[in-house]
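Presented below is the structure to which this report refers.
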Amino acid sequence: MPSEFDKPYDPKSVEPEMYKKWEESGFFNPDNSPGKRTKPFTIIMPPPNANGSLHIGHAVFVTLQDIMIRFERMRGKKTLWLPGADHAGFETQVVFDKKLEKEGRNRFKIPREKLYREMLNFTAENKTVMENQLRKLGASCDWSREKFTLDKDIIEIVYNTFKKLYNDGLAYRDSKIVNWCTKHQTTLSDVEIKYVERKDPLYYIKYGPVTLATVRLETKFGDTAVAVNPKDKRYKDLVGKEIEIQTLLGPAKIKVIADEMVDPKFGTGAVKVTPAHDPNDFEVWRRHKNEIPGPRPVIDQYGRIDLSGFSNRPAAQKYHGLKILEARKIMEEDMQKEGLMVKIDPDYMHTVATCYKCGTILEPRILPQWFIAMTAKPKGGGKSLRDLAIEAVKKGEIKFMPQRMEKIFMHWMKNLRDWNISRQIVWGIQIPAWYRSEETYVGKDKPAGENWTQDTDVFDTWFSSGQWPFATLMATGKNDFKTFYPTNVLETGWDILFFWVARMIMLGKYSTGKIPFKTVYLHGLVRDKDRQKMSKSKGNVIDPLGMAEQYGTDGLRMALVIGNLPGNDVIISEEKIRGYRNFANKVWNASRFVLMHVAKAPIKNKIKYSKQKKQMLEKLKECNKKVTKHLEEYKFHHAADTLYHFFWHYYADKVIEHLKKDLDSEDGTVEKETAKALLLKFHTTLIKLLHPFMPHITEKIWEHIPKEGEKKLLMIEEWPKL
RNA sequence: GCGCGAUUAGCUCAGUGGUAGAGCGCGUCGUUGACAUCGACGAGGCCAGAAGUUCGAUCCUUCUAUCGCGCACCA
């Protein structure tokens, strides 16, 4: 037995060596893979955010995707696993803001160019770290094709898509009410909102003859109408008339309008209309444009009361510049003093929209932004983005794992609203739109003529990553798009189904006419043993690289895949990883035993399988079949679990134990040679089957297993035939 | 309000139209060679509740309860 086969198994001495061999072989690249490989199998790696280290969730996707890729590579497919990194616009901006804060700096005081350069360096550093971490986890991806979302060629493709959308009337700029985070000083799309339940006072206030209910007392200065339901008899005589009201700034007149939006059963059946600061009121105004004044903003970008439009009202001074909650409190007191407050319900429960990153209550504001139309048809004819996606799924061109995600997907697609893709941050792809007085030009370069200025906003990061499958394959050239698109599987977490998957389907189909992938496999989120989401603040994170270092990558991979069903959250604990480290050791020791007894290939004509041994081989075949079937059906947890049990509790416990006495016979006897042959057959098959799951240890063992013919890396060996 | 799940051994979860399985944990026993990161044996479950379909339901249908999640609305 080779001296390197010491016990126990030491991953640290094996893993780096194995990865080096694979990488140097060039076989990660489908162009170099041996044999006649014509059938492609492609996975585009979800590009990790280049703003930190890999976490356990990344380790899950690496494991699952690497299993698929290694399996299909061994089955002789032309496998491409294309790695990448995401600049992750807003997310990285938030991370970088915190870093700046620690240094006593502030992004709003740094010139655009300088900030961008600093962030580019920051992400470049993280990217290098991440690449090495992916290697450490055994990812057999094609590094020669790696892409970054800010690569020149990718940006070019994103620009082209935007221009096409613009020409089709599907990308448009409009002043609409959008979600504004007063902390981050940018708008967010509708999927970046987190709704939280809150208890707030509900104020019943007097507007002349009408009493109405509101939470947002401070927006009162921006009221432009009072609305009631058209069927509400109580207010029938007031509709269409102006009523005299008393405000904190003095007397005023306001019109009563009728709109279906008003629920006569809520409150008093009358609402104040504040189009500048409420999405519904904004819509009411759009419907009643000719009857009532337009939006009157009274809250600024920092969430402070801004009454600069009320200079003719001296009382405005008192409230101008106050924060929202301060103003609300003071106004409450003042209105009570002036007898304008009818009553206060202090325990009103409602939900408010908050920033998903910082929890700040989002302030609806009217801003000119770029939107992608979800439900409108392109000018030149054809289907809306939404219909393109719905159709692809309905027709079964795209399948979901688990299947129930399809329903969730469809439900979401039905409720789609236009997508705001403008972000008021520096970090990202600047929107290629140019303005001059009333003119707008969309294109990469500044148009001819004087006084053009470019939009200072950048794209929502998901706008560019929504094009990732085709953008990467177009950017790597070499006919890759033609060969590898549509890709086979998109494997990612269910938490970004709407953020990312839906957008890729829409933009992929729109831009290329083809779906971006055939199967969407959604893995669960990793939780700790108390079912808690892992987060740095809770201190319950399991660092995958630390675990790999301590227990070996292969054991970690087994722990990540077993019990991991699509769409179900997976519970990972250190004990579980330790359990599969033990399995790696078991595989190692069984291999020591085999190598000890089967140093040379058995003598062929001395092999005679008894009925019992034939049954054993039959069992092996069954296992082989089962594992293959599970892998084909994306049931990785079953495949891994099947192998674990078969190897340990059948092969090691039963077969090896049974063969021990035969192996004690003299060399050259039928007993011994038959036992050797059986052992070799089992071991060879199982090591191959285990390879996608535990690539390092199996590759190392493979080096020492006696075999006939050409010696190849296990990575490119043939998958055992059924 | 609309929608999607879950409920099986102490814990984490598989599973099947013919009255149940694994891992971990627990208990007892066992080390001169593949492996104590091990092996042998064992305890432990009216498969959430009710009704229906069926010769037969943990599995299919309906309802109920509890828990979780998503979307929308909220003056």
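Chain letters run A, B, ... following the sequence lines, proteins first, then strands; residues in each count from 1. Computation of the quantities below employed the complete heavy-atom set of this structure, encompassing side-chain atoms and omitting hydrogens, waters and symmetry-equivalent molecules.
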Short side-chain donor-acceptor distance under 3.5 Å, A:Trp285 and A:Asp278: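 The answer is no; no qualifying pair exists.
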For [N], does OP1 or OP2 lie under 4.0 Å from any side-chain N or O of [X]?
X        : N     : result
A:Asn568 : B:A6  : no
A:Tyr9   : B:A34 : no
A:Lys414 : B:A72 : no
A:Lys407 : B:G70 : no
A:Asn585 : B:A36 : no

Between B:G33 (C1') and A:Asp6 (CG): distance, integer Å: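 Spelled out: CG on A:Asp6 to C1' on B:G33 is 14 Å.
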Check: B:A40 base within 3.5 Å donor-acceptor of A:Glu657 side chain: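 No.
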Aromatic ring pairing A:Phe221/A:Tyr319, orientation class (parallel under 30°, perpendicular over 60°, tilted between):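 Ring orientation of A:Phe221 relative to A:Tyr319: tilted.
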A:Asn179 and A:Thr187: CA distance, side-chain angles, deciding distance, side-chain hydrogen bond (donor to acceptor under 3.5 Å, both in side chains) verdict: CA-CA 5 Å; A:Asn179 317 304; A:Thr187 57; over 6 Å; no
Matching residue for A:Tyr580 among A:Trp648, A:Tyr644, A:Phe647 - test: ring pair (Phe, Tyr, Trp, His ring centres under 6.0 Å):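 Going through the options one by one, the only one that passes is A:Tyr644.
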For [N], give its Watson-Crick or G-U wobble partner with both distances under 3.5 Å, or none.
N     : result
B:G45 : none
B:C38 : B:G30
B:C71 : B:G1

